[in-house]
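Here's the structure, in structure tokens; my notes come after.
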Amino acid sequence: MEEKDFAAHLTATMTGSALTMLIGVGHRTGLFEAAAEGPATSSELADRAGLRERYVREWLGAMVTGGIFTLDAGAYTLPPEHAKFLLGETSANLMPSLLTLSAFTGILPDLERSFAEGGGVPRSAYGPYLETLGAKTGDSWKHVYREHLVDGFFGAVPGLKQRLTAGARVLDLGCGTGNAVAVAARAFPASTFTGLDINANVVEQARETAKGLPNAEFAVGDAAELAGEFDVITAFDAVHDQDRPDVVLRRIRGALPDDGLFFMVDTNFSSDVAKNVGNPLAALCYSISLMYCTTTSLAEGGAALGAMWGTETAREMLADAGFRHVDVLDSPRPQNCIYACRP
Ligand SMILES: C[S@@+](CC[C@H](N)C(=O)[O-])C[C@H]1O[C@@H](n2cnc3c(N)ncnc32)[C@H](O)[C@@H]1O
């Protein structure tokens, strides 16, 4: 990159960070909902949201020049084709991810100290918004499950939907707030689903999510101590964060019969950073990995695989755990892939 292009690149990077923070402000003050009601001047929008016009006007300045709102003859508009990425109950809504990013700013001093002194930032340091990342991840994933779990994810593995339709014992490891279990239990009433998570708060929410489903249950427990037998074990975005991923993968293998299936959804990158150059999602995922996955694991003396552990490392670890047949398949989300693992 030439010098002047690099300066422009850094300026665009700063703009992205600043807009991410102000999008969080807009979410928490109700400005996006108010704007979705239709075009408004800054005074009208401030009145709609019950806020001070001077602040709203400056915020709108950032939103318009940042390409999020449009401005026409004094009226600010949040176009519907933009609103669907900031509001609403669909997987297109990126607000949970935007909020997660801006919430990381609070832990940066602890992270910087860990660079120098070692150790890491404990999960308890992330403040109320991120205290239960399982819950926040659930916010992002719940619509993904509703729209894509049955056909997009399960449908990618030949024979899996038929097996679940016939009736199978399924464990969802690191189930978070139970959104995958609830969708699957509804779609496959002949199968039984157990959600397991180490965090009692998210398990409580999971029980609420799957309330009334007779074939769904939840347990608080450590996957590194997994026992029992299941036909299918699923793990959605829950293996790379494990403090002892090697132990967990061996436990998973031990809990499956020889015709069992381990269905793991994780990030879709290479273990070799050089191969990730040019991937438009890589810098974001390395950043999240550093600010959460890696440091929280190091705080517990864990393996700190990080979110960018990559398919090569994943394949090696799955083979070490006793999975001799591993297919890596495309998922409905480009940042994730599916590992269909068989003994
Ligand atoms: C990134 S979240 C994914 C949650 C869920 N699968 C979803 O899609 O919403 C990872 C989850 O793994 C759980 N977890 C981490 N370590 C665990 C362990 N050793 N045993 C069980 N659950 C664990 C966390 O509490 C968290 O809820």
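Ligands are counted one by one from 1 in listed order, and the atoms in each one are counted from 1 as well. Computed from heavy atoms alone, side chains included, the values below leave out hydrogens, waters and symmetry copies.
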Quiz item: Is it true that Ala180 lies under 4.0 Å from ligand 1, counting heavy atoms only?
Solution: no
Quiz item: Is it true that Asp243 and Arg123 make a salt bridge, defined as a side-chain N closer than 4.0 Å to a carboxylate O?
Solution: yes
Exercise. Mark up the atoms of ligand 1 that fall under 4.0 Å of a heavy atom belonging to Asp237, in ascending order.
Key: 1 (C), 2 (S), 3 (C), 10 (C)
Quiz item: Does Ile198 reach ligand 1 with a nitrogen or oxygen that is under 3.5 Å from one of the ligand's nitrogen or oxygen atoms?
Solution: yes
Quiz item: Which pairs pass side-chain hydrogen bond (donor to acceptor under 3.5 Å, both in side chains) with one or both residues in residues 14-33, sequence neighbours excluded?
Solution: none
Quiz item: Taking only heavy atoms of Gly221, which atoms of ligand 1 are found under 4.0 Å from at least one of them?
Solution: 20 (N), 21 (C)
Quiz prompt | Within-cut-off N or O pair, Leu173 and ligand 1, under 3.5 Å | solution = no
Quiz item: Is Ser191 reaching over with its side chain to a backbone N or O of Leu164, donor-acceptor style, under 3.5 angstrom?
Solution: yes
Practice problem: Answer yes if the ring centres of Phe236 and Tyr145 are under 6.0 angstrom apart, and no otherwise. | Solution: yes
Quiz item: Do the ring centers of Phe262 and Tyr339 come within less than 6.0 Å of each other?
Solution: no
Quiz item: ring pair (Phe, Tyr, Trp, His ring centres under 6.0 Å): which pairs involve residues 68-91, sequence neighbours left out?
Solution: Trp59-Phe69
Self-check item: Options Gln242, Arg123, His240, Glu225, ranked by nearest heavy atom to atom 18 (C) of ligand 1, top entry
Solution: Gln242
Practice problem: Please name the pair of heavy atoms, one in Ala34 and one in Arg48, separated by the smallest distance, quoted to 0.1 Å. | Solution: O-NH1, 2.8 Å
Quiz prompt | Atoms of ligand 1 close to Asp222 [distance to a heavy atom under 4.0 angstrom, numbered from 1] | solution = 18 (C), 19 (N), 20 (N)
Self-check item: Sub-4.0 Å atoms of ligand 1 with respect to non-hydrogen atoms of Asn199
Solution: 25 (O)
Self-check item: Winner among Asp197, Asp243, Asn179, Val239 once heavy atoms are compared against atom 11 (C) of ligand 1
Solution: Asp197
Quiz item: Is there a nitrogen or oxygen of Leu196 sitting under 3.5 Å from a nitrogen or oxygen of ligand 1?
Solution: no
Self-check item: N or O contact, Gly174 vs ligand 1, cut-off under 3.5 Å
Solution: yes
Practice problem: Measure Ala235 to ligand 1 on non-hydrogen atoms and call it side chain, backbone, both or neither using the 4.0 Å cut-off. | Solution: neither
Quiz item: Is the NZ or CZ atom of Arg146 positioned over Trp141's six-membered ring, under 6.0 angstrom from the centre and within 45° of the axis?
Solution: no
Exercise. Would you mind telling me if ligand 1 is within reach of the side chain of Lys142, the backbone, both or neither, using heavy atoms under 4.0 Å?
Key: neither
Quiz item: Do Asp241 and Tyr292 have a side chain donor and acceptor closer than 3.5 Å?
Solution: no
